[in-house]
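Some notes on the structure that comes next.
Every chain is numbered from 1 and lettered A, B, ... according to where its sequence line falls, protein lines coming before strand lines. What's counted below: heavy atoms across the whole structure, side chains too, no hydrogens, waters or symmetry copies.
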Amino acid sequence: MAETMQFDLVSPERKLLSAEVTSVEIPGSDGDMTAMPSHAPTITTLRPGILTVHTNEGAQEFVVTGGFAEIGESLSVLAEKALPRDDVDQATYDTLVEEAQAAYNQTKDAHSNEPGPVDDAAKLLQDMVAVGTHIGLDTRQPAL
Amino acid sequence: MPNLKDLKNRIASVKSTRKITKAMQMVAAAKLRRAQDAAEMARPYAERFNAVMASLAASVGDSDSAPKLLAGTGKDDVHLLVVMTSERGLCGGFNTNIVKLAKQRIEKLKAEGKTIKVLTVGKKGREQLKREYSDLSVGHIDLSDVKKLGYGDAQNIARDVLGRFDAGEFDVATIFYAKFNSVISQDPTAQQIIPAAYDDDAQEGEEASTLYDYEPDEESILADLLPRGVAIQIFTALLENGASEQGARMSAMDNATRNAGEMIDKLTIEYNRSRQAVITNELIEIISGAEAL
């Protein structure tokens, strides 16, 4: 039996999961990373993506839209919004993409001369779309 | 002396009032439980978040490159007061207490010669502040259509506040809400959200020894998290406020129900007295009539 560590997945509205896990795949904003017990203490921000939790009983997948992860003695993922993958159907997913699109449009209007925030929002939107491809839902190309 | 019919009508009307206040009390009790649950659910996130922020703020806080949201604009000339109240009345002194605290702050800041801007959340606070300080109001956020308070609502408020901050409209932002202690006690509280004040107490002791790796790097994480921190604090305040409102309404309605009960007792005694007086009167009339024959 593999070594385990305490893992908490919380969103502002509720606690989604609290369990002993063997490893967790985190969609970090600089690239995916897998956290296992005795990982070096790290704080990373998340991009929209799939968070996979491996326990001794099996794996669970969550769609997260952003937030950050704190890896220490235990692992906490504080997600902006997190949904179990099975709960994400086409309609839910479409709303998520629409929100990202709206946020992008808004940023583009507000910061027309600064590429920084606009690029960030564009990346967020593209990541969101990539999530759909990954879990096999219809995706529209984002209007960038 | 009021006649019997009037008394009867009054008793009936007070009885139906009692029924309404009783029902409101029970509804508030159910809603209070839900609001408390919601506040409970949000707590782990807020706690973790504050702990991380405290350690981040401690390591980046003093450098010159610290983001404005953390270090402030370097001035405190313009204050934004975000006054959060309920959308509905009939909850005792709940709204009045929050508004009173906000008014005290406004007067204090005025005396110091600061510029004040007021953003109201919730209809009741706006109504009360409008009378004296309508010129200070810069906006109002309406939550009356919101059935169940979600993080999205807090995000919208935060976006509004942050937009104003980015536009340089104010230097310091403070939120006013009522902290929930118990059903009978809610503390009106003022909390500064911009610049962010994360107390370092949380990371004294064990946690202070943990040195984190940061990915991408401390500054960009901080820049990403600070706006989120504002939303979290507003969300927590909204939830506390929600629980407080229901608690205040519950005790207010409990009082009202009890008062209605006392009033009914009093009116019933009066009703019985007048009824007896009427009967006595009638008897006297009959007897004296019979004697006259």
Report task. Look at atom NZ of A:Lys81 and say whether more than 12 heavy atoms of other residues, nucleotides or ligands are closer to it than 6.0 Å. Result -> no
**Report entry** A:Ala69 versus chain B, the contacting section by heavy-atom distance below 4.5 Å
**Finding:** neither
**Report entry** Residue B:Gln155 versus chain A: region with a heavy atom under 4.5 Å
**Finding:** side chain
Query raised in the report: A:Gly66, A:Ala40, A:Ala79: which one forms the most heavy-atom pairs within less than 4.5 Å of chain B?
Result: A:Ala79
Requested in this report: Answer with side chain, backbone, both or neither: which region of A:Thr45 has an atom nearer than 4.5 Å to a non-hydrogen atom of chain B?
Outcome: both
Query raised in the report: Looking at side-chain heavy atoms only, is the closest gap between B:Tyr151 and A:Glu80 below 4.5 Å?
Result: yes
Query raised in the report: side chain to side chain contact (heavy atoms under 4.5 Å, CB included) between A:Ile43 and B:Asp213: does it pass, once the steps are laid out?
Result: CA-CA 6 Å; A:Ile43 292 176; B:Asp213 287 342; over 6 Å; no
Query raised in the report: How about B:Asp224 and A:Phe68: do any of their side-chain heavy atoms sit closer than 4.5 Å?
Result: no
Requested in this report: Find the distance between OG1 (A:Thr42) and OH (B:Tyr214) and round it off to the nearest 0.5 Å.
Outcome: 10.0 Å
Query raised in the report: Can you tell me how far the OH atom of B:Tyr45 sits from the CG atom of A:Leu9, to the nearest 0.5 Å?
Result: 10.0 Å
Query raised in the report: For the residue pair B:Gly152 and A:Glu13, what are the closest heavy atoms and their distance?
Result: N-OE2, 4.3 Å
Report summary line: Closest heavy-atom pair, B:Phe49 versus A:Leu78, reported as atoms and distance to 0.1 Å, is N-CD2, 3.7 Å
Query raised in the report: Counting only heavy atoms not in A:Glu20, do more than 12 fall under 6.0 Å of its CD?
Result: yes
Query raised in the report: What option among A:Ser29, A:Ser11, A:Gly28 has the most heavy-atom pairs under 4.5 Å with chain B?
Result: A:Ser11
Report task. Step through the shown structure and confirm whether more than 12 heavy atoms of other residues, nucleotides or ligands are within 6.0 Å of CZ on A:Arg85. Result -> yes
